[in-house]
Colleague: 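Take a look at this one; I'll ask things after.
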Amino acid sequence: LSGFIDGKVKVTGSPSKICLHGALEPDAVFAFVPAVGEIFAIESKPILLEGNQVKLEEIQLRPVKQEKPLTLHGTFNLFEPNASYADLQIKGNEVTILDSKRGKGQILYGKLIISPDITLRGKLSSPTIMGGIDLVGGTNATFVNTKSKLKAKNNMAGVVVFTDFADTLFVNKETPVLPLTGGANIALNVHIDPAVRLGVDLDEGHQDYATLQGGGDLRLRIPPYSEMSLIGNFDISGGGEIRYDIPVVGRKNFNIDPSSRVTWTGDILHPSISFKAIHRVRAEVVENKQSRKVDFNVLIFAKEVEDGY
């Protein structure tokens, strides 16, 4: 964080009932977010201080390379009887909040365009957060998996047809427990435009990865001191690609079939999956002492409820 804040503030009252009067104005304030490799400019009209309340008329948060900002306005209480109570709105229209190449230490790179309309009300220790956010077409963002890469089984039995999840490419792990979010009460609608492209680097070297294009509508719900839930569909209508290192076979590219879909009915870690990916192999076969080239399709199928890898 860098920059200056100019202004004057008058303090009156007693220690038990402090009153503030004045205004503050940010001057050339910038914030660098290492996780996404972006520098954000923070611009604002004068921030008014009246009694125990901070009034935010229009704070703009804008990546320095972009024109459209996120806007924040509302009020925030500093002192009792309603200390830390906030009534805030965050809005934006097709805001490019991320536009970066992959860099060291980043967990997200590419281009991310959003249109949020979110309200936050209540004490910061237990706010109610409601509204919606759209992922806009033109988004092409990739998440970097900084943990150890997925482990593949060194067992090629049943490689042609997978009949259940015990025979898939991945080793089963203990299902992780999602952390609770404290007293926050969150309900958000997420709309993903069908032109959105999303990806994940399965290792930090970008040798194994998955990319896909698709859209859908999801509802995220996180009650106070409880686990999150997700309801809705994500259709991989634009297909995609998986590149993965399979034992014995080696690293191969699979094309994701555009009929694939992921459906959540509550548990965010156990969606219902209908998924198919294809890798075409040309091999030489001999028939009646005559050899010829034949194309084979190697398929990955995933169906029913995913039980964690």
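Computed from a prediction, not measured in an experiment: that's the story for all the values here.
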Colleague: Flag the pair R102 / D201 as yes when at least one side-chain heavy-atom distance between them is below 4.5 Å, and no otherwise.
Modeller: yes
Colleague: Just wondering, do D99 and E38 contact through their side chains at under 4.5 Å, heavy atoms?
Modeller: yes
Colleague: So L1 and V29, do their side chains get closer than 4.5 Å, heavy atoms only?
Modeller: yes
Colleague: Where the side chain of S115 meets the backbone of E94, is there a donor-acceptor pair that is under 3.5 Å apart?
Modeller: yes
Colleague: Would you say Q106's side chain and G103's backbone share a donor-acceptor pair under 3.5 angstrom?
Modeller: yes
Colleague: Is there a side-chain contact (heavy atoms from CB on, under 4.5 Å) between I42 and I59 once you walk through the steps?
Modeller: CA-CA 7 Å; I42 302 174; I59 292 182; 4.1 Å; yes
Colleague: Should L120 and I90 count as side-chain neighbours, where that means a heavy-atom distance under 4.5 Å?
Modeller: no
Colleague: Would you call K68 and T96 a side-chain contact if the rule is heavy atoms closer than 4.5 Å?
Modeller: no
Colleague: Donor-acceptor pair, T263 side chain versus N233 backbone, under 3.5 Å?
Modeller: no
Colleague: Taking D235 for the side chain and S237 for the main chain, is one N or O donor matched with an acceptor at less than 3.5 Å?
Modeller: no
Colleague: Same hydrophobic cluster for I5 and L48, using side-chain heavy-atom links shorter than 4.5 Å among ILVMFWY?
Modeller: no
Colleague: Count I, L, V, M, F, W, Y as connected when their side-chain heavy atoms are under 4.5 Å apart, and connections chain through other members. Are I39 and L61 then in the same cluster?
Modeller: no
Colleague: For E284, is the CD atom crowded, meaning more than 12 foreign heavy atoms sit under 6.0 Å from it?
Modeller: yes
Colleague: Rounded to the nearest 0.5 Å, how far does CZ of R261 lie from CZ of F275?
Modeller: 15.0 Å
Colleague: So does S259 get a backbone contact from the side chain of D257, meaning a donor-acceptor N/O pair under 3.5 Å?
Modeller: yes
Colleague: Distance alone, cut at 3.5 Å: any donor-acceptor contact between the side chains of Q53 and N77?
Modeller: yes
